[in-house]
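Every heavy atom of this structure was used, including side-chain atoms; hydrogens, water molecules and symmetry mates were not. Letters A, B, ... are given to chains in the order of the sequence lines, protein chains preceding strands, and every chain is numbered from 1.
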4 protein chains.
Amino acid sequence: MAESRTSVAPRRTAARGRIDKRQAILDAAFRVFAREGYGQACVKEIAAEAGVAKPTIYNHMHDKESLFRESTAAVAARLSEGHIAALEPLREAPDDLADVLTEVGCRLLALHCSDESWALRRLLYAEGVRFPELLETVAGQGDRRLREALADRLARVALAGRMRTPDPDGAAEQFLALLTGPMEARSALGTRDVPEGERRGVAEAAVRTFLMAYGPS
Amino acid sequence: MAESRTSVAPRRTAARGRIDKRQAILDAAFRVFAREGYGQACVKEIAAEAGVAKPTIYNHMHDKESLFRESTAAVAARLSEGHIAALEPLREAPDDLADVLTEVGCRLLALHCSDESWALRRLLYAEGVRFPELLETVAGQGDRRLREALADRLARVALAGRMRTPDPDGAAEQFLALLTGPMEARSALGTRDVPEGERRGVAEAAVRTFLMAYGPS
Amino acid sequence: MAESRTSVAPRRTAARGRIDKRQAILDAAFRVFAREGYGQACVKEIAAEAGVAKPTIYNHMHDKESLFRESTAAVAARLSEGHIAALEPLREAPDDLADVLTEVGCRLLALHCSDESWALRRLLYAEGVRFPELLETVAGQGDRRLREALADRLARVALAGRMRTPDPDGAAEQFLALLTGPMEARSALGTRDVPEGERRGVAEAAVRTFLMAYGPS
Amino acid sequence: MAESRTSVAPRRTAARGRIDKRQAILDAAFRVFAREGYGQACVKEIAAEAGVAKPTIYNHMHDKESLFRESTAAVAARLSEGHIAALEPLREAPDDLADVLTEVGCRLLALHCSDESWALRRLLYAEGVRFPELLETVAGQGDRRLREALADRLARVALAGRMRTPDPDGAAEQFLALLTGPMEARSALGTRDVPEGERRGVAEAAVRTFLMAYGPS
DNA sequence: AATGAATGAGATTTCATTCAT
DNA sequence: AATGAATGAAATCTCATTCAT
């Protein structure tokens with residue numbers, strides 16, 4: 001570890017260090033914002049959690065708002081990648097549609113129920129009104145991207161004759177609603193863990209209903 | 001009622017005034033919390049909006065936290081009444097199930113999309129972690145009560161042979177998910193208005209899917 | 001007790017009640033001032049301790065300062081009576097001077113070390129600068145009166161040939177100093193109890209030294 | 001020392017400046033506490049008197065209580081040094097015991113009657129109950145240290161045959177009582193200046209009585 | 001005479017942010 | 001680039017005091 005820093009890429013040490021520090025700040029910021037909420041979070045605590053001095057934060061970010069924007073955007077991007085990856089099993093129109101949808105549903109729910117995901121959702125709900133471009137960027141890049149990707153997959157499935165729907169967008173929207181809607185209450189807005197088994201039950205119920213509505217004749 | 005105020009019981013003016021003031025404080029508090037978020041809201045602003053002096057607030061409520069708890073609880077109770085009332089058309093197992101469900105769905109969505117409702121939801125998401133008993137009280141008394149009442153109605157409908165479902169709770173959960181799930185993205189977490197027509201479309205789609213899964217054979 | 005109020009002197013009930021209430025307020029005020037200090041004491045707490053409403057206090061006393069003045073003055077007067085009474089054994093020039101002085105010393109020390117006495121002393125030290133007329137009244141009526149009374153007694157004793165001193169005032173001053181001076185440290189400014197036996201020891205030592213300086217040839 | 005500041009170590013200006021500022025804060029705090037009393041003193045005024053901003057105080061001290069503790073402890077330590085120094089003339093068992101004791105008495109009284117000393121005593125009396133460790137530290141390090149040092153000196157004097165006392169501790173205690181006891185009333189608890197001549201008179205009277213009790217046969 | 005309610009003023013403390021090094 | 005120190009502004013909460021009843 002130390003080696004890779006001191007001998008392999010010594011020229012990059014400074015820049016690398018800077019980037020590392022920036023990342024450490026963003027990570028710490030997200031943790032603190034998630035824990036305390038934007039208004040209650042204080043820069044001092046973020047600095048402490050990032051292991052840097054307070055002014056260092058202001059060297060990297062212009063103010064608390066930027067810090068919030070950038071730290072949440074970073075997490076949102078990371079999560080969004082996961083969502084897209086979770087659709088992988090649907091890439092090819094499958095034979096065992098129910099199984100595949102259930103698998104995808106489970107993957108999506110696992111992500112949806114992760115601490116990070118709930119933390120981000122809480123922050124967006126809380127501060128979306130006061131950070132409208134965050135909603136645009138994050139929720140846009142996040143939820144919309146997922147919905148559209150899922151709609152694409154469903155369209156292929158329908159085209160392959162394994163589903164019937166003239167409206168893949170609506171179908172995707174409802175599939176996601178059937179998956180995530182129930183988690184709100186079951187996890188008490190993310191404050192209680194929902195065990196994997198229970199999540200699977202929700203996914204199976206969602207798929208069952210979904211396929212009765214959209215499944216092959 | 002109005003009578004007792006103006007003619008029968010002028011002696012009660014003082015107590016009544018106190019109650020009025022308390023209500024004014026709670027209302028103002030909710031508005032400010034909704035606008036600014038818990039952390040950013042300041043008691044001074046709440047006092048100004050309620051038309052009282054700052055210490056008056058502390059005469060009625062012990063501290064900012066209590067103020068938050070009580071003001072949100074009051075709104076939650078009010079909204080919860082509305083939800084139950086919205087189920088009214090389902091009281092008797094109806095002939096035209098689709099129409100009635102659509103009507104109920106529209107009513108629920110209208111409530112769900114009201115400013116007050118979004119404001120409360122935002123605050124719960126935002127501060128639920130730090131006010132766990134709020135989640136219990138408010139979300140419990142709110143969402144659970146609605147879900148259970150709806151499940152009761154659906155059970156009756158099923159009993160009357162107009163639906164088939166061995167699990168009215170799950171059915172209610174999914175019906176609500178199909179209704180409210182799509183609103184999250186469509187209203188951008190409550191920051192954009194969703195016109196009534198669009199809400200009706202969502203309700204109709206929800207009912208369509210719901211009845212294909214649970215409707216009479 | 002209740003009788004004397006209701007039947008024996010019914011005409012006086014109101015006035016008596018008012019006086020009682022005033023006394024209750026003064027007593028409560030002294031206790032709270034003693035416990036918290038003038039600046040930290042709050043009228044609300046005094047009212048609670050007196051069992052009356054806050055405005056009632058303002059009906060009896062003009063403001064917090066008056067309350068302080070009157071409550072401390074009342075206690076000071078009470079204590080002063082005790083001091084004078086403690087000199088009783090010296091009324092007649094005694095044969096067994098040492099014993100009598102020791103007895104007087106013990107009595108004075110018991111008073112000096114009472115909770116009330118320390119409380120008053122603390123308040124005078126603390127606020128004397130800001131309530132100069134209190135020092136005049138209280139310390140004057142208190143300490144000076146005691147010193148002068150003691151000097152009178154000592155003068156009589158000297159006149160009776162049982163002491164030799166051309167300066168009874170100075171002798172009284174020193175006797176009191178020998179008595180009370182050591183208590184400051186021993187009781188940690190009144191925060192630790194000094195047992196009676198220890199007080200007697202101090203009194204005996206004071207008398208011994210005093211008599212070696214002023215005793216009969 | 002002075003050198004290191006002006007010529008040798010200009011690099012230390014920052015740290016030195018911090019220390020200076022800390023000292024300025026402690027000094028100002030003591031002055032304000034002495035003037036107003038703990039409860040009435042306000043941090044804003046202390047900040048103004050120290051020439052710093054309010055938050056700077058909270059950067060150095062955790063809260064008002066710490067500020068009180070530290071500022072009084074600093075003064076107490078300073079005064080205690082003076083007390084010990086005042087005993088200097090007694091270092092060697094002297095020939096002219098009366099003169100030396102009088103000299104020491106005068107020095108002690110001068111200190112005892114200084115503004116700073118009265119201010120500290122007032123604060124200890126006033127707040128000792130609520131700051132018990134202050135009494136321990138300050139009064140302990142102060143009064144006890146003086147009494148013990150004086151007892152040491154008196155023991156030497158007795159050993160040299162110039163006094164007779166089997167109990168130097170008691171003798172020291174009484175000597176100090178004879179000195180300081182009378183000042184309480186004469187200075188009206190430190191609110192009136194006692195001129196040097198008067199102090200000398202008290203010291204002489206104290207020495208006279210003391211030596212009649214403990215002096216050489 | 002007594003009180004519930006209200007309030008202006010001000011207390012302590014914290015925070016985001018900036019200098020100077 | 002990074003930090004120790006400092007600060008203006010503002011937050012929550014308390015207090016002595018006064019009305020209206």
S.K.: Whole-Å distance between E:dT12 P and D:Phe68 CZ?
M.R.: 14 Å
S.K.: Here's a test of your reading of the structure: between D:Asp63 and B:Gly51, which maps to the more 5' nucleotide of DNA chain E?
M.R.: B:Gly51
S.K.: Any idea which of E:dA16, E:dT3, E:dA6 is nearest the C:Thr56 side chain?
M.R.: E:dT3
S.K.: Using distance only, find each side-chain donor-acceptor pair of residues 39-47 of chain D under 3.5 Å and give its atom names and separation, not counting sequence neighbours.
M.R.:
{"from": "D:Gln40", "atom 1": "NE2", "to": "C:Glu127", "atom 2": "OE1", "distance (Å)": "3.3"}
{"from": "D:Glu45", "atom 1": "OE2", "to": "D:Arg35", "atom 2": "NH2", "distance (Å)": "2.8"}

S.K.: Closest to the A:Pro55 side chain: E:dC19, E:dT7, F:dT18?
M.R.: E:dC19
S.K.: Reading DNA chain F from 5' onward, which residue's closest nucleotide shows up sooner: C:Lys54 or D:Lys54?
M.R.: D:Lys54
S.K.: Check whether any side-chain heavy atom of D:Phe68 sits under 4.5 Å from a side-chain heavy atom of D:Leu134, and report yes or no.
M.R.: yes
S.K.: Excluding sequence neighbours, so at least two apart, what forms side chain to side chain donor-acceptor pair (under 3.5 Å) with A:Glu136?
M.R.: none
S.K.: Select from B:His62 and D:Val52 the residue whose nearest nucleotide in DNA chain F is closer to the 5' end of that strand.
M.R.: D:Val52
S.K.: Holding to side chain to side chain contact (heavy atoms under 4.5 Å, CB included), I want the full list of residues that pass it with C:Ala48, two or more places apart in sequence or in another chain.
M.R.: none
S.K.: Whole-Å distance between E:dA11 P and D:Ile57 CD1?
M.R.: 13 Å
S.K.: Could you list by number each residue of residues 26-48 of chain A showing a heavy-atom separation from DNA chain F of less than 4.0 Å, or answer none if no residue does?
M.R.: none
S.K.: Determine the stems involving DNA chain E; a stem requires 3 or more consecutive pairs of the Watson-Crick or G-U wobble kind, each with both distances below 3.5 Å, and the answer is none if no such run exists.
M.R.: E:2-21 with F:2-21
S.K.: How close or far is atom P of E:dA16 from atom OH of D:Tyr58, stated in whole angstroms?
M.R.: 18 Å
S.K.: Using only heavy-atom distances, decide whether a donor-acceptor pair under 3.5 angstrom links the side-chain of A:Asn59 to the base of F:dA1.
M.R.: no
S.K.: Within the structure, does a side-chain N or O atom of C:Lys64 lie under 4.0 Å from either OP1 or OP2 of F:dC15?
M.R.: no
S.K.: What residues form a ring pair (Phe, Tyr, Trp, His ring centres under 6.0 Å) with A:Tyr125, not counting sequence neighbours?
M.R.: B:Tyr125
S.K.: So, does D:His60 get its side chain near the phosphate of F:dA6, meaning an N or O under 4.0 Å from OP1 or OP2?
M.R.: yes
S.K.: Could you work out, with salt bridge (Lys or Arg N to Asp or Glu O under 4.0 Å) as the rule, every residue matching A:Arg69, not counting sequence neighbours?
M.R.: A:Glu65, A:Glu133
S.K.: In whole Å, what is the span from the CD1 atom of C:Ile25 to the P atom of F:dA16?
M.R.: 15 Å
S.K.: Please give, in whole Å, the distance from E:dA16 P to A:Leu67 CG?
M.R.: 10 Å
S.K.: Does NZ or CZ of D:Lys64 fall inside the cone over D:Phe33's six-membered ring, less than 6.0 Å from its centre and within 45° of the axis?
M.R.: no
S.K.: Could I get the full list of side chain to side chain donor-acceptor pair (under 3.5 Å) partners for B:Arg122, not counting sequence neighbours?
M.R.: none
S.K.: Check the phosphate of E:dA6 against B:Lys21, side-chain N and O only, distance under 4.0 Å to OP1 or OP2. Yes or no?
M.R.: yes
S.K.: Taking only residues two or more places apart in sequence or in another chain, which ones pass side chain to side chain contact (heavy atoms under 4.5 Å, CB included) with B:Ser66?
M.R.: B:Met61, B:His62, B:Asp63
